[in-house]
Amino acid sequence: MPELPEVETVVRGLRVSLPGRTIDEVRFGKTDFVDDPLLISERVPGLKISSVTRHGKFICIQLEPDSASQNMSGGHCLIVHLGMTGQLTVTDPGAPVKPHTHVFFALNDGRELRYRDVRRFGRMLTLPAAGLADFKKLLGKEPLEIGEEEFCQVIGSRRTRLKALLLDQTVLCGVGNIYADESLFRARLHPARTAEKLKREQLLALRQAVREVLEEAIRFRGSSISDYRDSEGKSGTFQLQHRVYQRDGEPCLHCKSVIRRMIVAGRSTHFCPTCQPAGRTRNISKKKTTQRTRPRVRNSKSKKSK
DNA sequence: AGCTCTTCCTGAAAGC
DNA sequence: TGCTTTCAGGAAGAGC
């Protein structure tokens, strides 16, 4: 599931092949995840890709008029959110079209930018270039850029659970379920603790943990749990470094306690009950803490064929 | 302000 | 073996 490290990896890959190319044509399959497909079909062809950037979990492909083109509609941004299963890849147009591929951008170098999304939880839209600043204002702070004081103020003032805060894209943008759990484990903070009740050093530990987890995951090119692939179609490997996420029932790598799973903020949440003591939490229900009776199969590699 | 629940969607795993 | 049910999750909206 693409979170900040996965999106950053995709963006870095797209940056190698897209800037300088012109989009000649756009074709759509299913469009229920596209804000206005007709508008994209009208605006985008003939525009040249100037840069590719990331804002939280959003990919922004910046487009400008190509001097050789008739398209005089001015600069635009193509905004893509990968949702749960979105993939943006640059391929040879002759390459087999994988199932659930719904958008095709023909490029002037003969290749094709394809968007594939099995569950269609992603989103695609265009904005006039001038609208990007307002779009970014809707998002929270970038977790890799936020300073200590700002973090303490933004997080420490909130009367809500840490897990819910980390997932709230209007507070910090880019953190999702995997990296929220992994960050809280490294900061030794229970997911259901109330942010407002944390001491300054705990807030700083959380900021540091979020940074470290995200930076490390970027180095591993993201976590591939099910569908995530980078712009070249390759998997990341950070899932092998997870210390709590989807490890419920297994021993904590630090203290050997059994990793537990509970629902916080409507999300499956994994934590070590010893390393992350409950402290002062809100509405913590023991009934919601569960442990799998059988270890889950985490990926195809763990299936042993005999 | 913040919480829970629901909806969208598909495929894999679990359950029977 | 094969069919049915459950679950995973990002984001948005409803309702409390």
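Naming: A, B, ... by sequence-line order, numbering from 1 per chain. Bear in mind the structure is a predicted one, so any value in this text is a computation, not a measurement. FYI, side chains are in, hydrogens and waters are out, and symmetry mates aren't considered; it's all heavy atoms of this structure.
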Give a yes/no on whether any side-chain N or O of Tyr245(A) is located under 4.0 angstrom from OP1 or OP2 of dA8(C). no

Looking at Arg116(A), I'd like to know whether one of its side-chain N or O atoms comes within less than 4.0 Å of OP1 or OP2 on dT10(B). no

Taking the ring of Tyr245(A) and the ring of Tyr179(A), is the distance between their centroids below 6.0 Å? no

Rounded to whole angstrom units, what separation is found between the NE2 atom of His55(A) and the P atom of dG10(C)? 21 Å

Show the distances under 3.5 angstrom between N or O atoms of the protein and N or O atoms of nucleotides 11-15 of chain C.
unit_1	atom_1	unit_2	atom_2	d
dA11(C)	OP1	His81(A)	NE2	2.6
dA11(C)	OP2	Lys57(A)	NZ	3.2

Rounded to whole Å, CD of Glu3(A) lies from P of dG9(C) at a distance of 10 Å

Given atom CZ of Phe121(A) and atom C1' of dC8(B), what is their separation to the nearest angstrom? 5 Å

I'd like to know whether Asp35(A) forms a salt bridge (Lys or Arg N to Asp or Glu O under 4.0 Å) with Arg123(A), so could you lay out the CA-CA distance, the side-chain angles of the two residues, the decisive distance to 0.1 Å, and finally the verdict. CA-CA 7 Å; Asp35(A) 276 21; Arg123(A) 197 176 157 199; 3.0 Å; yes

Contact under 4.0 Å: His100(A) side-chain N or O vs dC9(B) OP1/OP2: no

Please state how far atom CZ in Arg119(A) lies from atom C1' in dC7(C), giving the value in whole angstrom units. 9 Å

Is Arg186(A) paired with Glu216(A) through a side-chain N to carboxylate O contact shorter than 4.0 Å? yes

Taking only N and O in the side chain of Thr160(A), is any of them less than 4.0 Å away from OP1 or OP2 of dC3(B)? yes

Can you tell me the distance, in whole Å, between the CG atom of Asp32(A) and the C1' atom of dC9(B)? 9 Å

Taking the minimum atom-to-atom distance to the side chain of Arg161(A), which one of dC3(B), dG9(C), dG2(B) wins? dC3(B)

Are His102(A) and Phe28(A) an aromatic pair by the rule of ring centers under 6.0 Å? no

Under 4.0 Å between a side-chain nitrogen and a carboxylate oxygen: does that hold for Arg260(A) and Asp248(A)? no

Taking 4.0 Å as the cut-off, does a side-chain nitrogen or oxygen of Arg158(A) come that near to OP1 or OP2 on dG2(B)? yes

Distance in angstrom units between Gln87(A) CD and dT10(B) C1', rounded: 13 Å

With side chains defined as the heavy atoms from C-beta onward, is the minimum distance between Lys57(A) and Pro2(A) less than 4.5 Å? no

Nucleotide nearest Asn177(A) (side chain, heavy atoms from C-beta), chosen from dT10(B), dG2(B), dG9(C): dG9(C)

Rounded to the Å, how far apart are Gln239(A) CD and dA8(C) P? 19 Å

Distance in angstrom units between Lys163(A) NZ and dG2(B) C1', rounded: 17 Å

Are a donor atom and an acceptor atom from the side chains of Asp66(A) and Thr22(A) found within less than 3.5 Å of each other? yes

